[in-house]
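Right, one structure below, let's go through it.
Reminder, nothing fancy here: chain letters follow the sequence lines and each chain counts from 1. Keep in mind the model is a prediction, meaning the values are calculated, not measured. All values below were derived from every heavy atom in this structure, side-chain atoms included, with hydrogens, water molecules and symmetry-related copies excluded.
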Amino acid sequence: MDIDTISRRKFLKLSGLTGVALTLGYYLPANAKEPKLITAFDAENRGIELNSWIYIDVLGKVTLYSHRAEMGQGVYQSIPQIIAEELHVDLDKVNIVFAPGDNVKYGNQITGGSSSIRGSYKNLLNLSATARVMLIKAASNKWNVSELECYAEDGHVIHKPSGKKLHYGELVLEASKLDIPKNVVLKKTSEYKLIRKPLQRQDTPLKTNGTAVFGIDKMIPGMLYAMVERNPRLRGKVKSFDATEALKIPGVKQVFIVRMGVFNTFREGVAVVADSVWAAMKGKKALKVDWDDTGFEHLNTEDIYRRMEEALQKDEGLSFVSKGDSNAIIKSAEKKIDVVYTTPYQSHSCMEPLNCIAHYQKDKIEIWGPIQAPEWVQDYISKELGIAREKVIVNMTFLGGGFGRKAFMDYPHEATMISKEINAPVQVIWSREDDATQGPYRPGISYRCQGVVANSEISAFKVSIAGQNNSHWRGGAKDIPNRSATEGFLKPYVDNIQNLSIVDIPFETPIPTMWWRSVYASTNGFAYESFMDELAAESAKDPITFRRTYLKDERSSELLDKLEEVSGWKNRTKGYGVAITECFGSTVGQIVKVSKNAENKIQIDQVWAVIDCGWYVNPDIIKAQVEGSIVMALGAATIHEITFKDGKTVQNNFNTYKMPRITDIPPIEVYIMENDADAGGVGEPGLPPFAPALTNAIFDLTGKRIRKLPFELAKV
Amino acid sequence: MAIINLKINSKDYSIDVDPQMPLLWAIRDFVGLKGTKYGCGIAQCGACTVHLNGQPVRSCSLPVAAVANKNITTIEGLSDDNSHPIQKAWIEEQVPQCGYCQSGQIMAAAALLSKNASPNDADIDAAMQGHICRCGTYPRIKRAIKKASENKP
Ligand code: FES
Ligand code: FES
């Protein structure tokens, strides 16, 4: 099965819009910040375009026109759960149709920053509840009774005194002409029947029988396949190539240089177009290419980190947080801690390698693929190819992992350029080697942490950060500090530590970098929460008690209570470590327990995680996301890293960029805090606390501080 | 190029291809069954796992000529209706996230279960450690295999 994506116009036509359905949607009035609800009936009369809407047809089927890609985080499930709850229908009556990329009409469409549910749940609840109230009103009008005597259940409106009953489908016509009621009352959390229940995801069966269509599985009539030989030196160019042997391979049709955008720069490769993936792969192997590497020959990991270290010691940067006078306190202190934490470059390595189909047709470009940011693709391609943005149609498929990598425009751009050259639809598939060696990567970052403890409390806390700023690739200003310098660090810490200084030291390399699951929190969290633990040890206080001095607010304290409770913290033995981080509106605390095994090597016995993500939909999806985040964090902390030698990425496949396996995974318990605060993200916040909780546990067991990731558990 | 006869999910296919082409691409691009996935191409990730005479094999690293006329089962042939005990357990335990690795995981787990009706942790580790899941569904994979072994009549 495909994820349906249909154009807006076609949808309106299919739905009849005002004729035989109740269509309710949001539009953004000119100059307004908040979208407004409107019926399609009204919208049509006033010539307003709807942004996103639900549509109830004469059969009572509910369709949401959604604008989020599904990449594993369970949006496919959570959105229908929200709608069904307030609309009082069965979950299987709710369908989602995904909108093709178009930010003018649908607002921000990026699936990232854990924002899928966060950004939309209040509107969705309100939309659904409003539709229900209108259906009830329509029924009471029909029966000529008071709407107070009517209620909605299982897709029907029922008149309580008489037991009369009408199906939603029989009411949509009437309801569609009503005015939109104001101040619709939403259910209380305690009244939920579907929300907060661990319902099964609707896409699971498609993923257990091989029928879910990922980008790589999509086929378009007349489609050819392409693979691209890419310069192993990041962003290098092609001097010349010899395609004689490649063109002899049966099925190989054309070989040419292709140029694709990497943010504001370009990289070049040689494309081999063929009638099958295998022929393209063989053709690629048979190519002889002479590369132009100017400028990238001498890029080495050791040099990069040495430069960071020098920059950190010089300590001249852009101030991001400056409270009190940490510099003076540190300078004059008799005893201070001054240490450097180092985190590696990492590849996203989604299980589905990058791929994209493009069909260039002179006045129109159509794209299909596993794409996290359809509207960026639309913008970029429209700009690069000089074609109106509404003529760039981006269709999303299931994504075999995204983690930030598939929010990037290079691979759709490349597919488009190849399609343009051959004048036919084409699917470009990246080999695993291409995917691993070309970036963009999570930037490697070093942190210099300086602090002073007096009277068992923090008297000064200073962190200087040297690492690439992802936003510079997108043209971000270079004279302002990285906005994400405290991502991962709890806000109450920032508020309550008196003498606090966070400095961003500008640092550049030619390596393309990009968001990686939980973005800066994934590396910041390690530095901040390890350092917090060093200060706690210095204070001789219990690490949780020490943190409580600064985390006094209700939500943080309750989370710490829960962590202590589920892990048996107060009666613990040796080998326990704690860390707590916040990003994308959610806070996650983790406790890791380690011990030494029979061979005297460190082993991870157990992980406890507590997430406070505020209002939430599906506890099972949240647990799955946190489990997955911990596994990903474990890989990044103890198994893999991307390194560079002579301008090339060293690791090129899963034999050298090794992944965590089923044998590496400790038991993981996940708990969710219950409250109704604004919904936070769930796809990313579970990742950052793992590494520091692990190294803090190792410190607790062995007295050894680990300040450089990744490290091998067996070698501690 | 050569004519190769393949027997996939009890159906016969005759395809004219490079005999050295890995079975993976024959299944995906010439037979048209897209459930079997490409992950690494070098027998490291397990995404391409199918059954060859009941044994789990890496189709990315097996020339199509070497498996002519042998019994091949892909994810599409495991059951018609998601009713294999492993598929049922996978749904009950809500294993998949992005889902991309899951065809391979399920084929490996199904092969394990057919040899060993009640695998212990070590058996599961041994059978599944060649399979990468970047989404980190391993804890659920373990639970689901155990559940499937309990559910089995
Ligand atoms: S694709 Fe065959 S093992 Fe990875
Ligand atoms: S479910 Fe995404 S890789 Fe396994």
Under 4.0 Å between a side-chain nitrogen and a carboxylate oxygen: does that hold for [X] and [Y]?
| X | Y | result |
| --- | --- | --- |
| A/K248 | A/E245 | yes |
| A/R517 | A/E684 | no |
| A/D435 | A/R405 | no |
| A/R201 | A/D620 | no |

Chain A heavy atoms under 4.5 Å from [X]: which part of the residue, side chain, backbone, both or neither?
| X | value |
| --- | --- |
| B/H131 | backbone |
| B/D125 | both |
| B/M128 | both |
| B/Y38 | both |

Flag if over 12 foreign heavy atoms under 6.0 Å of NZ, B/K11: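 No, NZ of B/K11 has 12 or fewer neighbouring heavy atoms, counting only those of other groups under 6.0 Å.
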Which one wins on heavy-atom pair count under 4.5 Å against chain B: A/D664, A/I630, A/N653?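 With the most close heavy-atom pairs to chain B, the winner is A/N653.
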Leading residue by heavy atom contact count with chain B [cutoff under 4.5 Å; candidates A/P205, A/P667, A/P198]: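 Most heavy-atom pairs within the cutoff with chain B belong to A/P205.
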Centroid separation under 6.0 Å, is that true for the rings of A/Y225 and A/W278?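 Between A/W278 and A/Y225, the centre distance exceeds or equals 6.0 Å.
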Polar contact flag, side-chain donor to acceptor under 3.5 angstrom, A/H640-A/Q651: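 Note: A/H640 and A/Q651 side chains miss the donor-acceptor criterion.
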Specify which of [options] makes the most heavy-atom pairs with chain A at under 4.5 Å.
| options | result |
| --- | --- |
| B/G39, B/S103, B/G35 | B/G39 |
| B/D81, B/L78, B/N82, B/I141 | B/N82 |
| B/I132, B/L33, B/T137 | B/I132 |

Can you check whether anything in residues 17-24 of chain B gets within less than 4.5 Å of chain A, heavy-atom wise, and list it by number? B/D18, B/Q20, B/M21, B/P22
With only heavy atoms counted, which part of [X] is less than 4.5 Å from chain B, the side chain, the backbone, both or neither?
| X | value |
| --- | --- |
| A/I216 | both |
| A/F214 | side chain |
| A/K658 | neither |

Has A/K207 got a side-chain atom pairing as donor or acceptor with B/Q97's backbone, closer than 3.5 angstrom?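 Confirmed, A/K207 side chain pairs with B/Q97 backbone.
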Keeping the roles fixed (side chain from A/Q81, backbone from A/K197), state whether a donor-acceptor pair exists under 3.5 Å. yes
Check whether any side-chain heavy atom of A/F690 sits under 4.5 Å from a side-chain heavy atom of A/I604, and report yes or no. yes
Determine, stepwise, if the pair B/R28 / B/T36 fulfils side chain to side chain donor-acceptor pair (under 3.5 Å). CA-CA 7 Å; B/R28 287 183 54 87; B/T36 306; over 6 Å; no
Passing candidate, side-chain hydrogen bond (donor to acceptor under 3.5 Å, both in side chains) with A/K406, options A/H348, A/E352, A/Q372: A/E352
